[in-house]
Amino acid sequence: MSLEQIKEGDKFDGEVVRDGPIGVYLNIGAEKDALLPRNQVAPGKKYNAGDKIKDLIVTEVSSGATPADRKIRVSTKRTVSDFKMGGVVQGTVVNTAAYGVFFNIGCVKNALAPLRMLAKEPEAYVTGEEVELTIVSIEGDKITVSAGTMGVNPNASGAGGEAGTVVRKLKVGQKVDGIVVRANAEFGLFLNIGAEVDALCRPRQLEKPVDQYKQGDKLTGLKICNVNVDNRQVEVSTRPLASEVKVGQKLEGTVVNISAGGVFFDAGLASDVLGPGVMLDKEPSKYSRGEVADLLVMEVKGERVTVSTKGEEEMGTPLTKLVRGAAVTSAKVKRVDMNMGIFLDVGASRDALWRLKGPGASVSPKPINEYQPGEEVPGLFIISVDVARSKLEVGTTEMASGADIQSMSSLKVGDKVDGVVSRTMEFGVFVNIGAERDALYSASQLAKPMNEYRAGDKILGLTVVEVDPIKQRLAVSEKKTAAEFTVGDEVKGTVSKIMPFGCFVNIGASTDALAPARFLEKDPGSYVPGEDLPGLKILSTDPGSNKITVAQNEGTGGGGGGSSAGRISLADIKVGDKVKGVIRKSQDYGCFLDIGLGRKDALMPKAMLPTGKTPMNYEVNEEVEVYIAQIDVGQERVTVSMIELTEDMKKAPGFRRDQAGATSGVQSQLPTGEMVPDPMYHAKVLGREDLIDEEPTPWYGWEKKFPGLVKFPEKETEIYLTGRSYGFSGPDSTYRSQVAYLPIPVHLRKADAGPAEVPPFSFDDYQISYDYGIKPEIHIKYRQAPFNDPNWVYRKSKETLTPIKVDVLREMAVEFERTPPKIIKEGEEPAAPVLTKAAQKKANKKK
């Protein structure tokens, strides 16, 4: 039998040919003897030629071109494919290591029980000891088992003994809790996060030094920042992920590494950010480790962030914010390339090329060599933006119109278009359909895997599924739109997302259909993502906005009310209403919630959270009950609060603005415990809880009841209470000068002028503001130690020297003058000065 006819897992009986040093060679009827490796033979066991061995399993077959490359290996043990995840097996301890214990479970390869999956410390296991094991993962030829855990899985619903999550199922950005397994001063903390391997949190990612943590400490609110499936490595961080920052965001960073190509900064993120040399305000070599710099985010690609230390005006508009087809407001010649064209400064982060040579060149009003640096070139348009390659091209009006650029306002949902792939992102593919900006072909709508799309690929038969000229949104798909469905049609779908007001269902359309709660057979919370929903009916369609509503039943019941579309509009809510919402995203300044307004999430500011709570206390997809605090109809924005609104708060002047100009909402109500200074804290420190009124003063009510007694500023100012240094005081700098009225001299007055009158007191004369002076953060950062100096050293205090009074020094000087100078010979010690008895007595007394 040739080796090509044999495959791994085949079973044979064999006859011993010889017993060699590396194993036993057997005849299994193949063209070449099979090898039973020595480690598969029981210790001390010897075979003789002709001995029979049954139930051999082929573990390796190599069918190379030369005899040396053609070999076959067998085993008397089971293969990995014979084992199943979750199966219970008996294992014998083979050897122990610091990270776990290896067991012989009757497989061709020993199984590993990692440290967290052991019932005791590794050194407590004895070679040959039998243990009952549970198989928790199988990856290739590697089997991971559990012998019971020493602690609790911090991210499991139950106690210890839970099988660890395999590395490939972990996602960057996933929130986890961890228990310290061990600490390493160089590498950081190794944490049990309930996975098959310990996660590493590096020293710079921790909130305190490594040596301040001990085994068993629990860390909450961690985020997975790196997953290496091949090496089975996981890293976590207490910091925000780099992917969470936005282009144009301002950061502050500390220099951690310097290279010829740029500088790496620690900007308080889970990974360092890079400032390329061309984006720095000085040469990389002129930076020093520990130096602090203001950073501007220029580009975000996954966990890689590019920043600049130059100002926003100096760097220009990021390419991601430029729209193809937009007019260029200012274009100045930077340099002329006789082979390509003219490079222009158009206020972007990259110089734009006006192509005047080669394919696609436009015709300039005058010869290319007549353009001079600094010369203004009018009438240009953006014709190409390539973010991936950082390239920008502009052209003339004729070229823009010749390219047949279609405005977004002329497009509508349902239009059929063809396109060319311009770039791919993690959330979809951007397609040039001839409009003023590229259209997004969402990842969930793609007809094939995203990695199969390449820039330049043509895609035919696309349909416009979303267009919003104001918000600059344009999307396409190859799937059916709402206009292609008819009310009453029967469809089937799969639950894609669950909300308090209903479920979103994938029915094979270019948008997920909404099944409102009252048209479902059970409460929305009873469904799970991926659940099949057969027998759905199209309830309504909105072709203009590409929205579809479906129903399981046509009666009422299930989970609740709402409009027929299952969503609410700004007209359906008012300040003070209590609604349900789902946390979509948490930021330092608050949480964004889906309260059923479609794509418009509501903001819950940090100041409107319960006392002691921060945005990071809330998990994504967590359901909460909130109160409507602000409504801005014009901007389509809603602000919500977890604190129930008082009558004064409901009547406060706010941000609801409609066509009639009416306003309502809470403008600024900081709850007690979030104020600066916090009155409750100061009352507690002083031991004067009686200073706090049981019922807060109704300032808004008093403003109306006692006109002139209370007045709220048009613009609120944040006062820097601690901003004091070298004559600067944050609060004092907000005050304006005392208003003084000086009467005009009589001889300068007009003939018909009456007596001088002093205007009545007005709060408007005393508006606090920093607008007219240097902002306090400048003083805080540069005018007190460490003065933004990375080499600053706080000097250690020295022993105070006892000063000598001036009159004592004078007497000492007089005495020295009376004593004639003495010549000191080489090697002779000078004599100590002698004071008069009176001077000595006075000096001692002064000391």
Problem - G493 to I507 - nearest heavy-atom pair and separation - result: CA-CG2, 4.2 Å
Exercise for the section: Locate the shortest heavy-atom distance separating G544 from V413; write the atom from each residue and the value. Expected result: O-CG2, 3.3 Å
Problem - Residue from L440, V476, N546 passing side chain to side chain contact (heavy atoms under 4.5 Å, CB included) with V465 - result: N546
Practice task
Taking the side chain as every heavy atom from C-beta outward, state whether K391 and R350 have any pair of such atoms under 4.5 Å apart.
Solution key: no
Problem - Contacts of type ring pair (Phe, Tyr, Trp, His ring centres under 6.0 Å), residue Y453, not counting sequence neighbours - result: none
Handout entry: E283 atom CD, neighbour heavy-atom count above 12 within 6.0 Å
Key = no
Practice task
With K497 as the cation and F504 as the aromatic partner, state whether NZ or CZ is under 6.0 Å from the six-membered ring centre and within 45° of the axis.
Solution key: yes
Problem - Heavy-atom closest contact (G419 atom, L462 atom, distance) - result: N-CD1, 4.4 Å
Problem - Pairs meeting criterion salt bridge (charged side-chain N to carboxylate O under 4.0 Å, His left out) with involvement of residues 368-379, two or more places apart - result: K366-E375
Exercise for the section: Side-chain contact test, heavy atoms from C-beta onward, threshold under 4.5 Å: evaluate it for V464 versus V417 and give yes or no. Expected result: yes
Fill in the blank from the handout: Of all heavy-atom pairs linking V467 and L411, the shortest is CG1-O, 3.8 Å
Problem - Worked check of salt bridge (Lys or Arg N to Asp or Glu O under 4.0 Å) between E484 and K479 - result: CA-CA 10 Å; E484 298 175 69; K479 296 183 179 180; over 6 Å; no
Problem - Heavy-atom closest contact (D457 atom, E452 atom, distance) - result: OD2-O, 3.8 Å
Handout entry: Within-4.5 Å side-chain heavy-atom neighbours: T309 and D294
Key = no
Practice task
For the pair Q174 (side chain) and K171 (backbone), establish whether a donor and an acceptor sit closer than 3.5 Å, ignoring hydrogens and angles.
Solution key: yes
Problem - Salt bridge flag under 4.0 Å for residues R584 and D601 - result: no
Handout entry: Under 3.5 Å: donor-acceptor pair, side chain of S308, backbone of M279
Key = yes
Problem - Side chain to side chain, V336 and N369, heavy atoms closer than 4.5 Å - result: no
Exercise for the section: Determine whether the side chains of T463 and T481 contain a donor N or O and an acceptor N or O closer than 3.5 Å. Expected result: no
Practice task
Ignoring hydrogens and angles, tell me if any N or O in the side chain of S364 forms a donor-acceptor pair with the backbone of P367 under 3.5 Å.
Solution key: no
Practice task
Check for a donor-acceptor pair, side chain of K537 on one end and backbone N or O of V487 on the other, with a separation under 3.5 Å.
Solution key: no
Problem - Spatial distance of atom CD1 (I342) from atom CG (D337) [nearest 0.5 Å] - result: 10.0 Å
Handout entry: Evaluation steps, side-chain contact (heavy atoms from CB on, under 4.5 Å), between V328 and F381
Key = CA-CA 5 Å; V328 177; F381 288 78; 5.6 Å; no
Handout entry: Any donor-acceptor N/O pair, D489 side chain to T486 backbone, under 3.5 Å
Key = yes
Problem - Check: V176 and V236 side chains under 4.5 Å, non-hydrogen atoms - result: yes
Handout entry: Check: S510 side chain, K480 main-chain N or O, donor-acceptor pair, under 3.5 Å
Key = yes
Practice task
Answer yes or no: is there a donor N or O on one side and an acceptor on the other, between the side chain of T541 and the main chain of A483, under 3.5 Å?
Solution key: no
Handout entry: Value rounded to 0.5 Å, distance of CG in L603 from CZ in F592
Key = 5.0 Å
Exercise for the section: Evaluate the side-chain proximity of M340 to L353: yes if any heavy-atom separation is below 4.5 Å, no if none is. Expected result: yes
Practice task
State, yes or no, whether a side-chain contact exists between L533 and Y527 at a heavy-atom distance under 4.5 Å.
Solution key: yes
Exercise for the section: Indicate yes or no: at least one non-hydrogen side-chain atom of L269 is less than 4.5 angstrom from one of L241. Expected result: no
Practice task
Any chance you could measure M298, atom CE, to L295, atom CG, to the nearest 0.5 Å?
Solution key: 12.0 Å
Handout entry: Verdict with supporting geometry, V550 and F519, side-chain contact (heavy atoms from CB on, under 4.5 Å)
Key = CA-CA 8 Å; V550 295; F519 292 112; over 6 Å; no
Exercise for the section: Check whether any side-chain N or O of R239 sits under 3.5 Å from a backbone N or O of A270 as a donor-acceptor pair, and report yes or no. Expected result: no
Exercise for the section: Check for a donor-acceptor pair, side chain of E303 on one end and backbone N or O of A242 on the other, with a separation under 3.5 Å. Expected result: yes
Handout entry: Derivation of the side-chain contact (heavy atoms from CB on, under 4.5 Å) call for D351 and L392
Key = CA-CA 7 Å; D351 290 339; L392 176 64; over 6 Å; no
Practice task
Report the distance from atom CD1 of I548 to atom CG of L536, rounding to the nearest 0.5 Å.
Solution key: 11.5 Å
Practice task
Taking all heavy atoms of V300 and all of S243, pick out the closest pair and write down the distance.
Solution key: CG1-CA, 4.1 Å
Practice task
Answer yes if the side chains of S496 and N506 hold a donor-acceptor pair under 3.5 Å, and no otherwise.
Solution key: no
Exercise for the section: Rounded to the nearest 0.5 Å, what's the gap from CD on E466 to OG on S545? Could you check? Expected result: 9.5 Å
Exercise for the section: Would you confirm whether Q205, through its side chain, and R202, through its main-chain N or O, come within 3.5 Å as a donor-acceptor pair? Expected result: no
Handout entry: Test log, rule side-chain contact (heavy atoms from CB on, under 4.5 Å), inputs V377 and W354
Key = CA-CA 10 Å; V377 180; W354 182 18; 3.6 Å; yes
Practice task
To the nearest 0.5 angstrom, please state how far the OH atom of Y441 sits from the CG atom of L446.
Solution key: 5.5 Å
